[in-house]
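Beneath this line is the structure, given in C-alpha cells, with notes to follow.
Order of appearance sets the numbers: ligands from 1, and atoms from 1 within every ligand.
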Amino acid sequence: MPDHILTVNAGSSSVKFQVFKAEGEALELDLKAQIDGIGTQAKIRATDANGAIVADRALAQTEAGNVAEALDTTAKWLRERYDVEPAAIGHRVVHGGPKYSRPVFVDANVLADLERFVPLAPLHQPNNLAPIRTILERYPDRPQVACFDTAFHHEHSAVAKHFALPEQFFAEGVRRYGFHGLSYEYIAERLKDVAPDYARARVIVAHLGSGASMCALFEGRSVESTMGFTALDGLPMGTRPGQIDPGVVLYLFAQKRMDVDAVQRFLYNECGLRGLSGISNDVRELERSSEPAAAFALEYFVYRVALYAGTLAAALGGVDAFVFTAGIGENSASIRAKVAKKLAWLGAALDSAANAKHATTISRSDSRVALYVIPTDEELMIARHTLALLAGRKVPS
Ligand code: AMP
C-alpha cells in the first residue's frame, strides 16, 4: 500500500490540507481540502486530483469551533471516507528564525524553539504552530515536519541580511529574512525542466499573489529578497503597503494616536491595493473596475514590481530571466504585459500572443531577458521535504 503525506497550511480562520500518495520518491496529489470560517460559520470544500468536488458543506460548531476540532474533523473524514492514515504530516511554518535553514522533524523541543519566533511573525506563527501542537498531543508518534518560508533565504550574504542598526539587534534576530521561500524553492527546481539553460543563471522570480514578494536567484539559490523582517516589507500587496518609510509608522503612533494593535491591523489589513484603491484587494476586481482609483492602484503595483526588478538586477549584476508566479503572476496577462514593458531597459521583449495564452515562455526570441510564467506549488514542496525526511534524505537543491 502506498504511503500518504498530508500537508497542512494553517491560517487564523482557515486551514488548507492536501493529501499526496507517495510511491518511492514520486508524489501524486490525491485530495485538496480547505476549511474556512473556523470558529464562526465553518465550511469544508474539497476536490480530488481531477478538480472534481468531493465535499462542499457547512460544518457544525462542534466540528470546527477551533483549529484543533477542524483537524479532528479532517482526520476522521480522511479515515472514514478514504481509509487514509498519513505516514507523516508536513506543515508550512512562516518563520524558522535565525536557526532553521531547512525542514525539520518537530518534537516538543523543536516546537518550544519555534514558539520563540512568535514575536517575529505574531500574526502567522501561532496559527502555523497550533495544528502541530494538537497533533503532537493526540498522535505523539506521527512524524511531523515543519517547512519554513524563511529557510530558502538562509544563505543570504551578511550585507543582504542586515539592517543598519546596532549589531545587538541582529543578534536578537532583527534581520532581513525573506519569505515565500517554499514557492521560490519550487520554482528553482522547475526551472531545471522548464528552462535548463537558465536554471543556473541570474533569475528574478516575482511571486505575485495576495501576499507578494520577489527573489533574486543565482545558480538556483536565493541571494536577495524584497521581504525583510516581516511579511510587510517590499512590494505592495492585497492589504499590506509593502515598503514604507518607518517615519510613517511613527506618524501613526504620534499624530494618529494609534496603539500597537491598531497599527498592526492597519498595516496588515487596510493598506496595499485595498487601501490605495478604496475598492478591493483583488486584482480581478480592480481590472474589471472603471474607477480611476482602481487603475491607479494597479499602476502603483506594476511600478513597484519594476522598481524592485531594478534592485534585484543590481544584486545579481544583471538579469537573464524573469519568472512570474502565484495568483496574479500566473493569471493576469495585463499585469505581466505592463511589467514587461517597464523592463524594456533591461532588454525584455514580450511575445504578446504567448502572454495572452498564459504560455510558459512569454518572451520573444530576440528578448535579452527570457520571460516565463511558471505556476508555483508550495504544498508539493512541503510534501517533497516531508517524504525526503521520512526516507532519511535531503531534497536535492
Ligand atoms: P494567491 O495568493 O497566490 O492565491 O493569489 C491571489 C490573488 O491572485 C487574488 O487576490 C487576485 O488578486 C489574483 N488573481 C487570481 N486570479 C486572477 C486572474 N484571473 N486575474 C487577475 N488576478 C487574479
Give yes or no for whether the N/O distance cutoff of 3.5 Å, strictly under, is met between [X] and ligand 1.
{"X": "Asp282", "result": "yes"}
{"X": "Leu208", "result": "no"}
{"X": "Ser332", "result": "no"}

Tell me the protein heavy atom at minimum distance from [atom], and give that distance in Å.
{"atom": "atom 13 (C) of ligand 1", "answer": "Ile328 CG1, 3.5 Å"}
{"atom": "atom 3 (O) of ligand 1", "answer": "Gly327 N, 2.9 Å"}
{"atom": "atom 20 (N) of ligand 1", "answer": "Arg284 CG, 3.5 Å"}
{"atom": "atom 19 (N) of ligand 1", "answer": "Asn331 CB, 3.3 Å"}
{"atom": "atom 12 (O) of ligand 1", "answer": "Val283 N, 2.8 Å"}
{"atom": "atom 6 (C) of ligand 1", "answer": "Ser210 N, 3.7 Å"}

State plainly whether the residues [X] and [Y] are in salt-bridge range, i.e. N to O under 4.0 Å.
{"X": "Asp233", "Y": "Arg240", "value": "no"}
{"X": "Asp320", "Y": "Arg202", "value": "yes"}
{"X": "Glu379", "Y": "Arg92", "value": "no"}

**OP:** Verify the ring-centre separation between Tyr184 and Phe152: is it less than 6.0 angstrom?
**Re:** no
**OP:** Kindly check if the number of other-residue, nucleotide or ligand heavy atoms within 6.0 Å of CZ (Arg200) is above 12?
**Re:** no
**OP:** Determine yes or no for a side-chain-to-main-chain donor-acceptor pair under 3.5 angstrom, with Thr386 supplying the side chain and Val145 the backbone.
**Re:**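 No, the answer is negative, given that no donor and acceptor are paired below the 3.5 Å cut-off.
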Subject >> For Gly209, atoms of ligand 1 separated by under 4.0 Å from a heavy atom >> reply: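 Heavy-atom distances to Gly209 below 4.0 Å select 1 (P), 2 (O), 3 (O), 5 (O).
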Original post:
For Asn109, which residues count as a side-chain hydrogen bond (donor to acceptor under 3.5 Å, both in side chains) partner, sequence neighbours excluded?
Top reply: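 By the side-chain hydrogen bond (donor to acceptor under 3.5 Å, both in side chains) rule, Asn109 matches no residue at all.
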